[in-house]
Amino acid sequence: MSTTFKPKSDFLRVLIERGYVHQCSDFEGLDAKAKAGEATTYIGFDATAKSLHVGSLVQIMMLRWLQKTGNKPIPLMGGGTTMVGDPSGRDESRKVLTPADIEANKAGIRSVFVKFLTFGDGATDAVMVDNAEWLLKLNYVEFLREVGRHFSVNRMLSMDSVRMRIEREQELSFLEFNYMCLQSYDFVELHKRYGIVLQMGGSDQWGNIVSGIDLGRRMGTGQLYALTSPLLTTASGAKMGKTAAGAVWLNADMLSPYDYWQFWRNTEDGDVGRFLKLFTELPLDEIARLEALGGSEINEAKKILANEATGLLHGREAAERAAETARKTFEEGVAADTLPSIEVPRAEIDAGYGVLGAFVAAGLVASNGEARRQVKGGGLRVNDAPVTDERAVITAADLNADGAVKLSLGRKRHVLLRPR
RNA sequence: GGGGGAAUGUCCCGAGCGGCAAAGGGGGCGGACUGUAAAUCCGCUGGCUAAGCCUUCGUAGGUUCGAGUCCUACUUCCCCCA
């Protein structure tokens, strides 16, 4: 990244200051466009799952800043390109998704953007577009004559995404080989339809984006721009976005706001400052202050990170609820009644409810066998008392003042069991 | 079209003379230490009504007291020759 470059536009200034920029094809040119409010921009999101996960959050935040600094953002659903599959950054071919899967995935993904962007008909209002609209109608021979002629296979073979596969002697199907052409074509088509001049994406998208700029020049779009964000890893080198339970999904029905809050709360020390810049909208001097906190005080910064990030996605109220649940659970050690809970027929509790079964029913362990192993390892607790006997039973006497029993797996995962 | 290889614990990689619930790693989970962090150390990582029983090594058969291991066919993938 150019260090001498002094942006005049708010857009580039913010993105550079906050650490969103990895590469840009032309800082000065893009800066002028952004300053004039003409930097209409798109980012493509493939519909490979029912929800996006935190890995896409950097991209979403970039669109949000773009809008806040007076330009028009266009999230593009890859309804068409998902049918092909992007080989970038992948060792193996993606599974081919059925059109029905793709439709379902698109619906799930759309719901997230509404929370980060303002949609409408105004000059800087966001518009949701789906490349299925034009890609699925393409006529093969026509496409080859109008678009395919501009692609050099020699050059495509030299691109990272392709070369890696070839060098490792991993198969790259013709289908995937075409992904780049389609993405390039999207860029040109979006320029025609919406006057888009910039495409952003993760650093692995650089090749695809630049190839779109090239295609645009040959097809007369005028100058287009590329801007990519750095690939995010945690300070200890792990890929961003995995937790105990799996991916950190953005849709609330796949990961509860509480768990989402916990994800941010458990950020490594070394990541706090970077994440505050990327995933919250706090002013930089405030972030600098938080980042400087030493020792266990850094935990205050982590709570703020969790509150802010959760607030952006799930709303202020949900964030506060999550924070409150966490405070009670971890700092007071009481069972917050907002913890996840399961219900068990009163009669079963009166008869004595087996601990192993209770933990399985709560979804904390997958089987009685796993529960037994956890008992041996001292990982299960009932009302904060370690379970030492796998034959122990939960009875009415275990109900606390709120009429619930607190089941815990490890220090962090708790479920309330209530009689019904 | 011809020839040669490979598929292992449903997270991944990977060893496996005919006695195997199957080495080892990664990842994950739990414990200790901490600050709900990182690093480190330790334990666990098929199911069950559990000193026993059941289900697992691409699929289907076969040989054998006994098959992940040997044989046959099939499926999928890879490599070489044409």
Side-chain angles (χ1 to χ4, degrees), chain A residues 49 53 90-96 165-173 233-248 256 258-276 290-307 309-310 322-336 339 351-357 359-382 384-391 393 406-415:
Chain A
H53 52 82
R90 289 230 145 202
D91 289 350
E92 290 171 13
S93 303
R94 285 175 197 274
K95 278 190 230 111
V96 177
R165 289 277 188 94
I166 292 176
E167 279 171 4
R168 296 188 191 170
E169 300 191 331
Q170 280 156 341
E171 158 125 335
L172 176 71
S173 69
T233 52
T234 66
S236 48
K239 254 184 231 157
M240 172 88 186
K242 296 281 182 189
T243 68
V248 180
S256 72
Y258 175 72
D259 287 331
Y260 188 74
W261 193 94
Q262 283 295 332
F263 167 73
W264 294 108
R265 173 64 183 82
N266 286 315
T267 298
E268 289 179 37
D269 289 6
D271 289 326
V272 172
R274 201 158 50 102
F275 285 4
L276 281 166
L290 292 170
E291 194 177 10
L293 291 173
S296 60
E297 283 183 11
I298 191 87
N299 283 324
E300 290 312 308
K302 292 184 189 179
K303 286 180 203 166
I304 292 170
L305 170 63
N307 285 339
T310 306
E324 180 58 14
T325 302
R327 197 184 61 76
K328 281 189 182 157
T329 308
F330 288 99
E331 291 174 25
E332 292 179 18
V334 299
L339 283 172
Y353 196 59
V355 266
L356 300 184
F359 278 91
V360 173
L364 289 170
V365 294
S367 67
N368 285 358
E370 189 186 336
R372 282 195 177 90
R373 287 192 293 271
Q374 289 293 0
V375 168
K376 279 196 198 106
L380 299 187
R381 278 168 298 134
V382 172
D384 299 316
V387 177
T388 51
D389 178 9
E390 58 186 47
R391 284 180 223 276
V393 291
K406 182 177 166 195
L407 306 178
S408 311
L409 169 66
R411 299 272 164 223
K412 296 186 186 177
R413 300 171 61 198
H414 312 277
V415 171

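Below, read A as the first sequence line, B as the second, and so on, with proteins coming before strands; counting in each chain starts at 1.
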Residue pair A/Leu339, A/Thr325: steps toward the side chain to side chain contact (heavy atoms under 4.5 Å, CB included) verdict: CA-CA 7 Å; A/Leu339 283 172; A/Thr325 302; 3.7 Å; yes
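- With hydrogens and angles ignored, a donor-acceptor pair under 3.5 angstrom links the side chain of A/Asp269 to the base of B/rG35.
- Nucleotides B/rU63 and B/rG14 have their C1' atoms positioned 29 Å apart, rounded to a whole Å.
- Searching all strands for a Watson-Crick or G-U wobble partner of B/rC41 with both distances below 3.5 Å returns B/rG31.
- Atom CG of A/Leu364 is separated from atom C1' of B/rG30 by 13 Å (rounded to the nearest Å).
- Taken from CD1 in A/Ile298 to CG in A/Leu290, the straight-line distance is 8.0 Å, to the nearest 0.5 Å.
- The residue A/Thr329 sits apart from the nucleic acid: no heavy atom pair falls under 4.0 Å.
- Legend: residues meeting side chain to side chain donor-acceptor pair (under 3.5 Å) with A/Lys303, ordered by chain and number and at least two apart, are A/Glu300, A/Glu331.
- Comparing the same atom, C1', in B/rG43 and in B/rC33 gives a spacing of 15 Å after rounding to whole Å.
- In this structure, CD of A/Glu300 is placed 11 Å from P of B/rU36, rounded to the nearest angstrom.
- Considering only the side chain of A/Arg411, B/rG31 comes nearest among B/rG31, B/rG30, B/rU36.
- Applying the Watson-Crick and G-U wobble criteria (two distances, each under 3.5 Å), B/rA7 pairs with B/rU75.
- Atom CZ in A/Phe330 sits about 14 Å away from atom C1' in B/rU34, given to the nearest Å.
- In this structure, CZ on A/Arg373 lies 11.5 Å from CG on A/Leu380, to the nearest 0.5 angstrom.
- Going from the P atom of B/rG28 to that of B/rA38 covers 10 Å, rounded to whole Å.
- Using atom C1' as the reference point in both B/rG26 and B/rC81, the two lie 38 Å apart (nearest Å).
- Note that CD of A/Gln374 is 12.5 Å distant from CD of A/Glu390, once rounded to the nearest 0.5 Å.
- Contacts between residues 369-377 of chain A and RNA chain B, defined by a heavy-atom separation below 4.0 Å, involve A/Gly369, A/Arg372, A/Arg373, A/Gln374, A/Gly377, listed by number.
- Taking atom CG of residue A/Asn299 and atom P of nucleotide B/rG35, one finds them 9 Å apart after rounding to whole Å.
- B/rA50 atom P lies 11 Å from atom CG of A/Leu356, rounded to whole Å.
- Taking for each of A/Ala326 and A/Arg391 the nucleotide of RNA chain B with the nearest heavy atom, the 5'-most of the two is the partner of A/Ala326.
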Residue pair A/Phe359, A/Leu364: steps toward the side chain to side chain contact (heavy atoms under 4.5 Å, CB included) verdict: CA-CA 6 Å; A/Phe359 278 91; A/Leu364 289 170; 3.7 Å; yes
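- The side chain of A/Ser367 lies closest to B/rC48 when the candidates are B/rC29, B/rC48, B/rG35.
- Annotated as syn: B/rC20, whose glycosidic dihedral is within 90° of 0.
- For A/Asn368, whose side chain is taken as the heavy atoms from C-beta onward, the closest listed nucleotide among B/rC29, B/rC48, B/rA38 is B/rC48.
- Applying the 3.5 Å distance criterion, the base of B/rU36 shares a donor-acceptor pair with the side chain of A/Gln262.
- Contact annotation for A/Ile298: base contact, defined as any heavy-atom pair under 4.0 Å involving a base atom.
- B/rC44 and B/rU75 have their C1' atoms separated by 37 Å, with the value rounded to a whole Å.
- Pair assignment for B/rA21 gives none, since no Watson-Crick or G-U wobble pairing has each distance under 3.5 Å.
- Rounded to whole Å, atom C1' of B/rA37 lies 13 Å from atom CH2 of A/Trp261.
- Each of A/His414, A/Arg381, A/Arg413 was evaluated against A/Ser408; a single residue qualifies, A/His414, per the side-chain hydrogen bond (donor to acceptor under 3.5 Å, both in side chains) test.
- If you take CD of A/Glu390 and C1' of B/rU49, they are 13 Å apart, rounded to a whole angstrom.
- The distance from atom NZ of A/Lys303 to atom P of B/rU36 is 9 Å, rounded to the nearest whole Å.
- Residues A/Val375 and A/Leu356 have side chains in contact (heavy-atom distance under 4.5 Å, counting atoms from C-beta outward).
- For the side-chain hydrogen bond (donor to acceptor under 3.5 Å, both in side chains) test with A/Lys302, the passing option among A/Asp269, A/Thr267, A/Asp271 is A/Asp269; the others fail.
- Nearer to the 5' terminus of RNA chain B, by closest-nucleotide assignment, is the contact made by A/Leu409 (compared with the other of A/Leu409 and A/Ala366).
- The base-pairing partner of B/rC70, taking Watson-Crick or G-U wobble contacts with both distances under 3.5 Å, is B/rG62.
- A distance of about 15 Å separates the P atoms of B/rG61 and B/rG68, rounded to the whole Å.
- With C1' as the reference atom, B/rC17 and B/rG3 are 29 Å apart, rounded to whole Å.
- Base pairing analysis places B/rC57 opposite nothing; no Watson-Crick or G-U wobble pair with both distances below 3.5 Å involves it.
- Comparing the C1' positions of B/rC79 and B/rG24 gives an interatomic distance of 28 Å, to the nearest angstrom.
- As the counterpart of B/rC48, B/rG52 is assigned, both hydrogen-bonding distances of the Watson-Crick or G-U wobble pattern falling under 3.5 Å.
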Side chain to side chain contact (heavy atoms under 4.5 Å, CB included) assessment of A/Lys406 paired with A/Val382: CA-CA 6 Å; A/Lys406 182 177 166 195; A/Val382 172; over 6 Å; no
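- At B/rA37, one or more side-chain N or O atoms of A/Lys412 fall inside 4.0 Å of OP1 or OP2 (strictly under the cut-off).
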